[in-house]
Chemist: 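Mind having a look at this structure? Questions to follow.
Values below: all heavy atoms of this structure, side chains included; hydrogens, waters and symmetry mates excluded.
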Amino acid sequence: MTGALLLAPVAGADLLSPESGGSPNADDIDTLYWIIFGVAVVVFVGVEGVLLYSVFKFKARKGAVPAQIRGNTRLEIGWTVGAAVILVILATVTFIKLDAIRNPPNSSASGLQLADTSRRLPPSGKSLNICVNGQQYIWRFTYQENCDPKSAKNLGAPFSYEEMVVPVGTTVTLDINAQDVAHSWWIPKLGGKFDAIPGYTNHTWFQVPTKFGDKPGGTVFFGQCAELCGRNHANMTARVRAVSVPEYQKWLALRKANIKAAEVQGAAQRKKLNDSNANSQPADSADPGQNPAQEDLSTPQP
């Protein structure tokens, strides 16, 4: 009981702030939130303190004449300059943090080492790209560098639904779009929300720290579509499972093998169905003049 009470503040640490701990960009969003929140608290306490002091110190008394501060140049310059300084500090901190939030770093030394350098993000291109497609009411993940639906590379690429599997320590870039209506991709511990809009591709990234891959089966991060997309919107959930690099490579190889086997099996079934249809055609179907039904229709009735 005592332990639960001691852990309660830790568990509720993200109750009033953005969730963090799963990716550097989520941590930077959380840090920026607390910096602005701290400045806002100082301003609020200062303004309310002066207000309450003034109310009680200079409350109206019978026969008293309040002091007139209107036209006090030094006071007006003071609060104008003070507000401007606070605004400049917040803007500077925000722009510094935004750079780290928007631009992904390279994968860490313990992450998946990729040879491809053609990617736009990050600058050196060493990232794992996954195509995220929102559909009513499920997420589809295609493990492919080129997310253009017209690209021939998409054919046969490994894919999964609902659960995305990624290696820890690796920068994962996402190309996000939608097939039908607008959705919103959001895994709170892995960064902010990004709209999934038909005909438009959005970009974001995350990098799960290596420590999350130590647990057998990896670590799962949960998310929910953040855009009201229809009557089953509440069922449109998403999961990101972060596993060790060897476990990811094993999963991806198995996924490719299963898809290849399914394609071979599908091709065999289609051939069998076509052969069955060809064999079921009547030998005299090509000569309608031999069709008894047609002969009956053409015969005059007495």
Side-chain angles (χ1 to χ4, degrees), residues 8-58 69-108 120-124 127 132 171-176 182-197 200-209 212 221-228 240:
V10 178
D14 290 329
L15 182 62
L16 299 177
S17 65
E19 293 191 39
S20 59
S23 179
N25 52 350
D27 296 343
D28 286 329
I29 292 173
D30 186 62
T31 302
L32 181 59
Y33 171 88
W34 282 113
I35 291 174
I36 295 177
F37 182 77
V39 173
V41 168
V42 172
V43 172
F44 176 80
V45 172
V47 171
E48 292 302 313
V50 172
L51 178 63
L52 293 175
Y53 173 79
S54 302
V55 167
F56 289 102
K57 177 69 176 179
F58 304 105
I69 61 173
R70 182 178 180 182
N72 190 321
T73 304
R74 287 189 298 178
L75 188 59
E76 291 182 354
I77 291 177
W79 66 47
T80 301
V81 172
V85 169
I86 293 173
L87 182 62
V88 169
I89 292 174
L90 291 180
T92 304
V93 173
T94 300
F95 278 106
I96 291 174
K97 283 294 180 183
L98 277 180
D99 183 64
I101 293 171
R102 290 173 57 88
N103 300 319
N106 286 320
S107 301
S108 66
R120 181 173 57 85
L121 296 172
S124 67
S127 65
V132 179
T171 298
V172 180
T173 55
L174 303 179
D175 288 6
I176 304 171
H183 303 277
S184 183
W185 169 257
W186 188 30
I187 305 291
K189 282 186 175 295
L190 300 182
K193 303 174 185 175
F194 278 83
D195 288 337
I197 302 172
Y200 182 81
T201 301
N202 242 329
H203 305 278
T204 187
W205 68 276
F206 63 84
Q207 184 186 111
V208 180
F212 288 104
F221 300 90
F222 294 93
Q224 167 72 46
C225 175
E227 182 89 21
L228 182 59
V240 173

Chemist: Working to the nearest 0.5 Å, report the span between CD of Q224 and NZ of K193.
Modeler: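 Rounded to the nearest 0.5 Å, the CD-NZ separation comes to 10.5 Å.
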
Chemist: Report the distance from atom CD1 of I96 to atom OG1 of T94, rounding to the nearest 0.5 Å.
Modeler: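 If we round to the nearest 0.5 Å, I96:CD1 and T94:OG1 are 9.0 Å apart.
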
Chemist: If I take atom CG from residue L32 and atom OG from residue S17, how far apart are they, to the nearest 0.5 angstrom?
Modeler: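 Reported to 0.5 Å precision, the distance equals 12.0 Å.
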
Chemist: Identify the two heavy atoms, one from F194 and one from H203, that lie closest to each other, and give their separation to 0.1 Å.
Modeler: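 Looks like CE2-O, 3.2 Å.
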
Chemist: Which heavy atom in G22 sits nearest to a heavy atom in P209, and how many Å separate them?
Modeler: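 Looks like O-CD, 3.2 Å.
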
Chemist: Provide the closest heavy-atom pair for P188 versus G223 in the form atom of the first, atom of the second, distance.
Modeler: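 Here P188 and G223 meet closest at CD-CA, 4.2 Å.
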
Chemist: What is the distance from atom CD of E19 to atom CG of D27, rounded to the nearest 0.5 Å?
Modeler: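 Here the rounded value is 12.0 Å.
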
Chemist: Using only atom types and a distance under 3.5 Å, with no angle test, would you say the side chain of Q207 pairs donor to acceptor with the backbone of N106?
Modeler: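 Yes, because the side chain of Q207 sits within donor-acceptor range (under 3.5 Å) of the backbone of N106.
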
Chemist: Measure the CH2-CG distance between W205 and L190 for me, rounded to the nearest 0.5 Å.
Modeler: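 That separation rounds to 10.5 Å.
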
Chemist: If we ignore hydrogens and angles and just use 3.5 Å, is the side chain of S23 paired with the main-chain N or O of V208 as donor and acceptor?
Modeler: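 Not confirmed, S23 side chain does not pair with V208 backbone.
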
Chemist: Just how far is it from atom OG1 of T204 to atom CD1 of I176, taken to the nearest 0.5 Å?
Modeler: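 So the gap between those two atoms works out to 6.0 Å.
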
Chemist: Would you tabulate the side-chain donor-acceptor contacts of residues 83-93 under 3.5 Å, counting partners in other chains and residues two or more places apart, or write 'none'?
Modeler:
residue, atom, partner, partner atom, Å
T92, OG1, V88, O, 2.8

Chemist: What residues form a salt bridge (Lys or Arg N to Asp or Glu O under 4.0 Å) with D28, not counting sequence neighbours?
Modeler: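 Applying salt bridge (Lys or Arg N to Asp or Glu O under 4.0 Å) to D28 gives K97.
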
Chemist: Checking the side chain of D195 only, and the main-chain atoms of S184 only, is there a donor and an acceptor separated by less than 3.5 Å?
Modeler: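 Here the side-chain-to-backbone pair does not exist.
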
Chemist: When you compare the side chain of F206 with that of F221, does any pair of heavy atoms fall below 4.5 Å?
Modeler: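 Heavy-atom side-chain distance check fails, nothing below 4.5 Å.
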
Chemist: Take D99 and F95, measure what side-chain contact (heavy atoms from CB on, under 4.5 Å) needs, and give me the verdict at the end.
Modeler: CA-CA 6 Å; D99 183 64; F95 278 106; over 6 Å; no

Chemist: Do any N or O atoms from the side chain of T171 and from the backbone of P105 form a donor-acceptor pair under 3.5 angstrom?
Modeler: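 Pair found, side chain donor or acceptor close to backbone of P105.
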
Chemist: For S20 versus A26, what's the shortest heavy-atom pair and its separation?
Modeler: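 Between these two residues, the closest heavy atoms are CB-O, 3.8 Å.
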
Chemist: Is the ring pair Y33/F37 parallel, tilted or perpendicular, if the boundaries are 30 and 60 degrees?
Modeler: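 Rings of Y33 and F37: parallel, as their planes differ by under 30°.
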
